[in-house]
Every structure is written in structure tokens, then in C-alpha cells.
Amino acid sequence: MYSMSELENNRLIQTFAKLRQTGKKTLIPFLTAGYPDLPTTEALLIELEKQGVQICELGIPFSDPIADGPTIQTSYTEALSKGITSKKIFDMVEHYRQQDGKLALVAMVSYSIVFKRGVESYLSEAAKVGFDGIIIPDLPLEEAAELEPTARQHGLANVMLIAPTTPPERRIEIARHSRGFIYYISVAGITGERDRLPEETIQAVAQLREHTNTPICIGFGISNAETVKHVCQVADGAIVGSAIIHRITDAKDSPQDELVRKISQFVNELIEPIK
Amino acid sequence: MSALAQLEREYRAAMADEKFLSEFDRILREIAGRPSPMYFARRLTEYLGGAKIYLKREDLNYTGAHKINNTLGQALLTLRMGKKRVIAETGAGQHGVATAAAAAVFGLQCDIYMGTEDIRRQELNVFRMELLGARVIPVTTGQRTLKDACNEALRDWMGSVEYTHYILGSVVGPAPYPEMVREFQSCIGREARQQMLELEGRLPDLIIACVGGGSNAAGIFAPMIEDEQVKMVGVEAGGRSMRLGDHAASLVAGSPGVLHGARSYVLQDDEGQTAPVHSVSAGLDYPGVGPEHAYWKDTGRVTYTTCSDDEAINAFCLLSKIEGIIPALESAHAVAEAIKVAPKMKPDEIILINLSGRGDKDCAEVANILKKRKAQSGEKPNHDTEG
């Protein structure tokens, strides 16, 4: 077996260990880094922590995000048009850590971006500035498994995705290689808000539990407190993306404190049933 | 990703199945109209005064380009997989029309993703797709061209894979697409090889093909790649200039990167963000290129070069006037390269141009450009080329 020692002090892994001990579940909000701007993203991280959030996913804007729906793509396109780069995002995260920010941060980033910079360089820099995990949604199992030791060596948990269309034996393989948590995609296709969660998802997660101790979080299509509660009956956490981003889009022309207050209020609503 | 594993399995099984191959062969003959002719361009040869020039007439295939070879192959594979719906991306609309036709032939439901910028440029092809029973879905994200249509088709497929096959139109994207599309296009090179041997008793000295994603080039190069005496040139879209954003020359001006699940040469900025691309020809403006072309470039087997928008338009006009063949603007890029090199070659040398498509679809666009040229120069439009 491999050594997990490099990940012993990883915030993401520690957070889930504590949640398990106390029998709690978690809400993982998704934010597009730099949307509408980086100071607002940082202010949101600080505010979400106050609301009891422990883990946050930060999307690194990409020109061709094939796994994301229109809401997130639009936020990416707008952030990129304002000149957002990985370097600027890393600087923001570093600054957030200097302000004693304690959230476990997971970067969602396209392999196109990682490859361009160089895997080693990208992962080590992300870890150094204060990321705890990385999700590369466009990297298949075989290549993600190859990259995992490099991530681990730098103290980054390599989080992998399972889709409803993933065959059972492949799910188990992905579960075996995923670190931090397993990202279970609740519906086939792309991110976006949907009204309710399919029953198959609940069953699939229960089945996966039989093969792994790694925490399982469900994402894609979760948009209200009721669904968060529903999801957390079987999963360790619920990931909410598009529902938050569309609220940011609605509020992006208002002053920063008002936007932060609105998002904070919504996250507070979502987290309420699992507090 | 499991969709790709399934596709790879089915594709390998199909290629090992005599019945599948003979059925594919039959529909290539009966529907596409293969084999496509090998034409000696006598007047072009005389005009340029150098090497003998032959044209592989893919423009004479049904639906007007080489694209039909691949769509018929993949539609047949769709039937084999028991799926009822196909989707495709399209730039110029040629692949969309070829997909719509193949879907109609086999009674498959068909949705085509097309950028709104391309819909504007290719009105006639939009109508043809609709006439063939397909739904054309406008893509308004990103640059609103080919790569964005590709993104949308991939998104659709991720949610619909159980009953949908994605007919990707070029030798790009994740495995097994690059290999599969090349194989379905290899009829071009296999026929050309045989036709050249029959007509000239030998293989050509030089093959020229245009390269966007690279499917027509892969189709004509691959069956002769082992014939070392045959030089090969791929012509990319040089656009307005060689500044990033003004062209679509991934091999000539790009760098190694990852796009749409393939590692190849890509036009990206330093951050890995896909760069905007431009070409007068909608079918060439893709910011990546097939990984096999990257391999052929790196090994030196194939040389890649560019042709500007203006040179392509001149070649478009010249071939129309001198041979009575209106080429697609894509294929005009290959013709332009022949115009440059043929005069420097000996009369007993042979150039083979893959004339990948016909240019009816481009006439309105070219008419506009010629009108603008005329207005700018204040003279009558020059339909000849500088030669």
C-alpha cells in the first residue's frame, strides 16, 4: 500500500475526520475564483467560514469548460475577460491564508491549464499558497491515478469524480484512487440546478460505501436546503455550485458587502438542516 | 469517459468484422458515390509550368466533401451499438450536412451544434441540414464557432450517451476518435494510391492537403505514409497574419497543449486558455489539430505550412476559372500551396492535391470579399492569381 503520510496534515482530510467523529455532514459551496472579482471571492471565503462552512471549492476559470453548464461557463468567460489568471488566484489564496483563513480549499481546474504550466509546477504552487485539494474534471481515471502521487507528495488531495454513467467496476477503481473525498455526480451531464435528486443516486452512493471508507460528496444539480438535507442522508457532503453562481450573477452589480451578505444568507439557508 | 471505452470496444469489434466492412464499403459506393475520381488538372499544370498536378476529387462525393466518408462509417457504428440518436459539431456546415445525410439514410434522430457566427456565414448549409431532417442548435458560448460547437456537443453527449452517439467530424478529440476518423477517411488515400499507380505507374512526388482538425489530410496521407519517396505537406490556415488570434495554424505556430481530451499542438495563451482563431474558411478555424499530425510533424514525415486568407481566395478564383472547379475555401489552401511549389518542380514530377470539398457554400462569402477588394483598390476585381 502507498503511504498517506504526506496527507496527514491536509486540512481537507482532517476536516472530514472531525466530521466523522462528530457524526456531522458538510456543505461545500463552489465559487468561481475571481467572479465578479478576486477581492469579492476572498471576502466570500471569509464570510462563508463564519457561516459554518468548512470546505470550499474554487473554480479556476477556463475558456472551454466542457463539464460545466451555462451559468458557470458565463462566470468563467467574464472572469477571464477581466484578466484572471492562476497566478492572481494563487496570490489571493495566499493572502487569504495570511488573514488566517481556515477553510479547506479545493481547486477545480482543467487539465489544459495544469498541463500548460507543467503538472509538477502547478500542483506544488497550488499546495504552497494554501490549496488542500485539486479536482481535474477532464482527466480520465488512468491519468488521474498517475498524477495522484505527485499531488500527494506536495500535500494535495487529488479528488476524483464518478458519474452515473461510470460502470460499477470503474467506480470502485476511482474510489480507490481518490483522495480527500469522492465527488459523485448526481445526474448525467453537466452542472446546473435541478429540482430533486434521482433515487438512483442515493442507491449508487449507498453501494459505493460498501467498497470505500473515503468520504463521498454529491454535486451537480443541488439548489436548495431540502436537497442538501436529502443528499446528506447518504453522503458526507453536498456540493452547491450553479445555484450560488447564479445568485452572484444577479448581485454582481451591487456593492461588494451587499453581494457577500446575499450569498452568505443563501449559504446559511442551505447549511441550516445539517448544522 | 465510459462512453469512450464502450465506443472503442465497439469500433475495434466492427473493424474486425467482415460484414461491417463490406457494408461500409457498399454504402460508400452507393451513397457517397465512391470511388472519387482522380483528375489530371491539365490546364492548371500548363498555367503553372512545372510539376504535373492531379486532383483527388473528394468535392464530387455526395454532400460535396470528404466528410461523408466518416459520417457514414460512424452512422453504421451507431446502428451497431443500438443507439437511436446522433449529434455532431459543425464549422463550415459540411460535417453537419454529411452527418444529417447519414442520419437520414439510416433513420437516426440528428442534432447538430453550430456556432451562431458560422450559422451566419453558412446559411445554405443550415437549410440543407434542416431539409435532411436534422435540428440545428445555435451555440452562443465562447467564440461561437467550431470549438464552441464541439464543447456543446460534448456536453450533450455526457448527458445522453446511453442513446446517443457523437459523430465527431475530424481526427481530434479523445481516443478512439482520431484513429477511427482517420480509418473511415483512409478510403481517400487507398483509392488515390491505386489510381496514381494505374494512371502514372508510380506514386506522386508530393501530396498536398489542407489541415484544420486534419481529417482529409490524414485520410490521404495515412495509406501512403510508409511510401517514403512520397513527400507530404499539410497546409494550415494562415488567416490575416501570424499574430495569435489572426490565424488557425496550430502545428506551425502553436505549442503542445491539451484540448478536447487530446494532447497535441494547440493555440493557447501562456495560461492554457484557448486562443481565438481566425480563417476565411470556417472549416479550418479550430485551435487544435489531430494528435497524429503532431506526431508526423515531430518525426518530420510531413511538413506543415500555412496559406493566408488572400492566397486561398486567389487559389479559389484561379481553380474555378482555369479548371472549371470551384473548390471549398478549405481545399483552396492546398491549391494555393501547389501554386507556390509547382513552378519550382520538374515537368516529370507529380503533385497530388486532395481537393477535399466543393466551394458552392463559400460563393457568397467570396463574392463579398471580392467586392470589398474592388472597393479598396478602386479597380475591377482581379480573378487571376499572382501565380
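Every chain is numbered from 1, with letters handed out A, B, ... down the list of sequences. None of the values given here were measured: they were computed from a predicted structure.
More than 12 non-hydrogen atoms from other residues, nucleotides or ligands lie less than 6.0 angstrom from CZ of B:R12. Atom CD of B:E162 has 12 or fewer heavy atoms from other residues, nucleotides or ligands within 6.0 Å. Other residues, nucleotides and ligands contribute over 12 non-hydrogen atoms within 6.0 Å of the OH atom of B:Y163.
The part of B:D148 that comes within reach of chain A is its side chain, from C-beta onward, which places non-hydrogen atoms under 4.5 angstrom from that chain. Contacts between A:E143 and chain B at a heavy-atom distance below 4.5 Å involve the side chain alone, from C-beta outward. Within the 4.5 angstrom heavy-atom criterion, atoms from both the backbone and the side chain of A:P65 approach chain B.
Interatomic distance, CG of B:L259 versus OG of A:S63, reported as 8.0 Å (0.5 Å rounding). Here the straight-line distance linking atom CZ of B:R155 with atom CD1 of A:I66 works out to 8.0 Å at 0.5 Å rounding. Within the model, atoms OG1 of A:T165 and CE of B:M158 stand 9.5 Å from one another, a figure rounded to the nearest 0.5 Å.
Residues of residues 111-119 of chain A that come closer than 4.5 Å to chain B, counting heavy atoms only, are A:Y111, A:S112, A:I113, A:F115, A:K116, ordered by residue number. Residues of residues 120-132 of chain A never come within less than 4.5 angstrom of chain B, heavy atom to heavy atom.
Interface summary for chain B: among A:T166, A:T74, A:L80, the most heavy-atom pairs under 4.5 angstrom belong to A:L80.
Listed for the B:E271 side chain is no donor-acceptor partner under 3.5 Å among the backbone atoms of A:T85.
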